[in-house]
Number of protein chains: 2
Amino acid sequence: MSKDGKPKTKARGLDRAFAILDHLCQVGLPQRPIEIAEGMGAPKSSIYDLVALLLASNVLEKIDADGRVFLGPKLNFWSTNYRKHFDLGGIVRPILENVTARTRETSQFCTLDGDKYYVAMMNEGNRPFRISADVGERTPIPWTASGRLLISHLSDQEIIDLIPEEDFHLPDGSYLEPSSFIESVRKANADQFFDFDSIADNFTHCFAAPVYGLNNRCIYTLCIIAPQGDAEKNYDEYRSALVEAAEILSKKLTAQTSSMSEMAAE
Amino acid sequence: MSKDGKPKTKARGLDRAFAILDHLCQVGLPQRPIEIAEGMGAPKSSIYDLVALLLASNVLEKIDADGRVFLGPKLNFWSTNYRKHFDLGGIVRPILENVTARTRETSQFCTLDGDKYYVAMMNEGNRPFRISADVGERTPIPWTASGRLLISHLSDQEIIDLIPEEDFHLPDGSYLEPSSFIESVRKANADQFFDFDSIADNFTHCFAAPVYGLNNRCIYTLCIIAPQGDAEKNYDEYRSALVEAAEILSKKLTAQTSSMSEMAAE
DNA sequence: CAAATTGTTCCGGTATATCGGAATACATAT
DNA sequence: ATATGTATTCCGATATACCGGAACAATTTG
């Protein structure tokens with residue numbers, strides 16, 4: 001590290017490679033190596049190297065003749081194995097369907113990726129409307145109801161450290177005080193539930209219930225996105241549907257995980 | 001590189017990291033770093049390093065207090081994005097269900113990972129029985145009907161180079177001559193179809209039809225696993241059901257890919 | 001067709017990742 | 001407790017990956 005402000009340290013290939021994958025997720029479209037390098041602010045030659053390596057292992061895939069690449073089939077292979085063991089998909093899908101059947105609203109299965117929230121699975125309600133966040137799209141934690149639950153195991157300081165300053169600036173331009181955000185986190189944890197009028201639009205209401213994994217940490221949430229009128233009218237009904245579904249899911253998922261580690265321990 | 005037979009070259013972190021993921025897929029259970037190192041025949045200290053890095057980026061996940069790790073939630077995030085764009089899942093699932101509805105047999109969606117075949121999606125038939133290969137399990141290409149189609153774009157030499165010698169030894173102990181395997185590959189390609197009595201057991205029959213991607217390469221297959229009696233009785237019916245489904249799927253998937261690359265090109 | 005611009009490959013110096021082996025921590029048996 | 005065995009961390013030498021910049025190729029523009 002040099003004496004002035006520039007750390008000037010070489011980035012590790014692994015981290016850069018993963019950053020490429022994250023970058024492509026964010027862009028959501030195939031890109032050429034140079035676009036990736038510029039988009040990430042990374043050295044060109046390194047990105048060319050890494051893209052070639054990732055193509056060779058099929059972690060990236062060449063999409064067109066112009067050299068654009070995107071997430072590759074190897075990821076599908078790994079995730080097929082991941083999902084086989086935790087069986088997200090098989091377990092979660094019917095539960096979402098059940099929630100939507102009971103409430104007729106759009107239901108989602110959400111979790112964290114680093115310091116962001118994302119929707120891992122979605123089940124459209126009977127009268128679908130444009131949802132703020134699409135499947136797989138990373139969204140600032142404070143913008144979401146689920147976010148309150150997903151970080152409730154952290155201390156105040158850890159929360160402050162985790163969440164980037166800019167994520168407290170809500171999409172409507174207003175600023176959410178970290179302290180009042182943390183208050184809502186504590187309340188969500190106490191209630192094992194959180195709901196509020198969506199801050200991404202002004203006509204929907206979000207309900208979120210925690211799904212617990214090992215050592216009772218909330219690792220996923222189930223949530224419902226409903227028009228505010230419906231939400232008010234059916235509040236108790238929706239809330240209990242969601243909480244019950246989340247409890248069932250917690251049991252099923254922890255059963256999975258513990259049976260797997262027992263098998264590993266022979 | 002030393003003078004005797006030992007190349008003695010350091011492995012690149014990326015490749016080893018990916019090898020760790022592949023190894024865990026193969027084992028199918030959480031493992032401790034030392035088990036991974038020994039299972040892969042890799043240097044211990046390197047594996048400890050890499051496992052720590054992969055844990056930090058959530059590509060691996062700590063499963064129990066003994067330090068066992070397994071595929072992590074980051075893979076789920078990436079694959080959520082992968083699947084969102086290619087929408088395997090959304091497109092393939094109903095097609096498999098349709099095939100199974102028409103034939104009442106177990107249907108599968110298969111592809112390659114490196115020099116091995118695997119089942120990426122499965123739909124159990126109305127009277128399920130134990131299938132030879134589970135979802136996500138890597139199987140030698142020559143053991144499968146789909147394998148013939150998935151490599152049919154390769155030259156004879158490329159096929160020989162790709163497939164490890166030992167994969168021509170079938171599970172029943174017999175040896176399949178590469179030349180006669182290649183013959184069956186060429187026939188499969190000409191027929192755009194392949195079927196045979198399963199070589200993993202002696203009571204099922206496998207049908208496979210090609211799903212084509214860009215430049216008309218067979219990148220996936222649809223297949224049916226049926227009891228031999230049923231297979232014979234309903235041969236034409238099953239075959240056409242599968243071929244029709246595969247054609248529909250080819251169209252849908254290529255439409256996806258090309259629309260994506262058009263968007264990227266603005 | 002030349003010039004300018006943009007995209008890709010090549011190359012070499014140096015920061016650093018890999019890996020053998022030693023040191024240490026942990027677990028189990030004596 | 002002590003001994004024995006196993007798992008993990010630490011450490012340092014050196015092979016090599018990363019990256020700046022030059023060379024080269026492709027594409028667009030005048």
Side-chain angles (χ1 to χ4, degrees), chain A residues 1-24 27 29-57 59-70 261 264-266, chain B residues 1-24 27 29-57 59-70 261 264-266:
Chain A
M1 141 159 24
S2 60
K3 62 175 191 267
D4 64 328
K6 305 196 170 182
K8 199 54 181 305
T9 173
K10 292 184 186 177
R12 197 180 261 257
L14 252 192
D15 295 334
R16 272 263 142 83
F18 295 162
I20 291 174
L21 300 181
D22 283 340
H23 175 78
L24 287 172
V27 174
L29 289 172
Q31 288 206 309
R32 301 154 92 180
I34 186 125
E35 297 171 301
I36 297 173
E38 281 164 3
M40 296 179 25
K44 291 186 303 173
S45 50
S46 303
I47 298 301
Y48 275 98
D49 274 356
L50 285 170
V51 166
L53 283 173
L54 293 171
L55 284 173
S57 42
V59 175
L60 291 182
E61 175 174 29
K62 219 178 118 184
I63 296 295
D64 60 24
D66 301 343
R68 264 178 273 263
V69 300
F70 197 64
S261 67
E266 253 107 336
Chain B
M1 145 160 21
S2 61
K3 61 174 191 257
D4 63 328
K6 306 197 169 177
K8 199 54 180 304
T9 173
K10 291 184 187 177
R12 196 180 262 255
L14 250 194
D15 295 333
R16 266 231 213 282
F18 294 163
I20 291 174
L21 300 181
D22 283 339
H23 174 79
L24 287 172
V27 173
L29 289 172
Q31 288 205 309
R32 300 155 89 177
I34 186 119
E35 297 171 302
I36 297 173
E38 281 164 5
M40 296 178 26
K44 291 184 303 173
S45 49
S46 304
I47 299 301
Y48 275 99
D49 275 355
L50 286 169
V51 166
L53 285 171
L54 293 170
L55 283 172
S57 42
V59 175
L60 291 182
E61 176 174 29
K62 220 177 118 184
I63 296 295
D64 60 24
D66 301 343
R68 262 177 275 262
V69 301
F70 198 64
S261 67
E266 252 106 334

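Letters A, B, ... are given to chains in the order of the sequence lines, protein chains preceding strands, and every chain is numbered from 1.
The distance from atom CG of B:L50 to atom C1' of C:dA17 is 9 Å, rounded to the nearest whole Å. When the P atom of C:dA17 is taken as reference, atom CG of B:L14 falls 13 Å away, rounded to whole Å. Spacing between atom CD1 of B:I20 and atom C1' of C:dT18 amounts to 13 Å, rounded to whole angstrom units. Straight-line distance from the CG atom of B:D15 to the P atom of C:dC19: 11 Å, rounded to whole Å.
Here the CZ-OH distance, from A:R32 to A:Y48, works out to 7.5 Å after rounding to the nearest 0.5 Å. If you take CD1 on A:I34 and CD on A:E38, they are separated by 4.5 Å, rounding to the nearest 0.5 Å. With rounding to the nearest 0.5 Å, the separation of NE2 in A:H23 from CZ in A:R16 is 12.5 Å. One distance of note links CD1 of A:I20 with CD1 of A:I47; it measures 4.0 Å at 0.5 Å rounding. Interatomic distance, CD of A:E61 versus CG of A:L24, reported as 11.5 Å (0.5 Å rounding). Going from atom CG of B:L29 over to atom CZ of B:F70 covers 7.0 Å, rounded to the nearest 0.5 Å.
Using modelled atom types, one side-chain atom of A:S57 and one backbone atom of A:L53 make a donor-acceptor pair closer than 3.5 Å. Looking only at distances, a side-chain donor or acceptor of A:D64 sits under 3.5 Å from a matching main-chain atom of A:D66.
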Can you give one letter per nucleotide of nucleotides 4-10 of chain C, going 5' to 3': B for a protein heavy atom under 4.0 Å from the base, S for sugar-phosphate only, - for none?
---SBBB
Produce the list of close N/O pairs, under 3.5 Å, pairing protein atoms with atoms of nucleotides 12-14 of chain C; give distances to one decimal.
{"from": "C:dT14", "atom 1": "O2", "to": "A:K10", "atom 2": "NZ", "distance (Å)": "3.0"}

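Applying the 4.0 Å criterion to OP1 and OP2 of D:dC18, one finds that B:R12 has a side-chain N or O inside that range. Residue A:R16 has a polar side-chain atom (N or O) positioned under 4.0 Å from OP1 or OP2 of D:dC19.
Set against D:dC19, C:dG20, D:dT16, the side chain of A:D49 has D:dC19 as its closest nucleotide.
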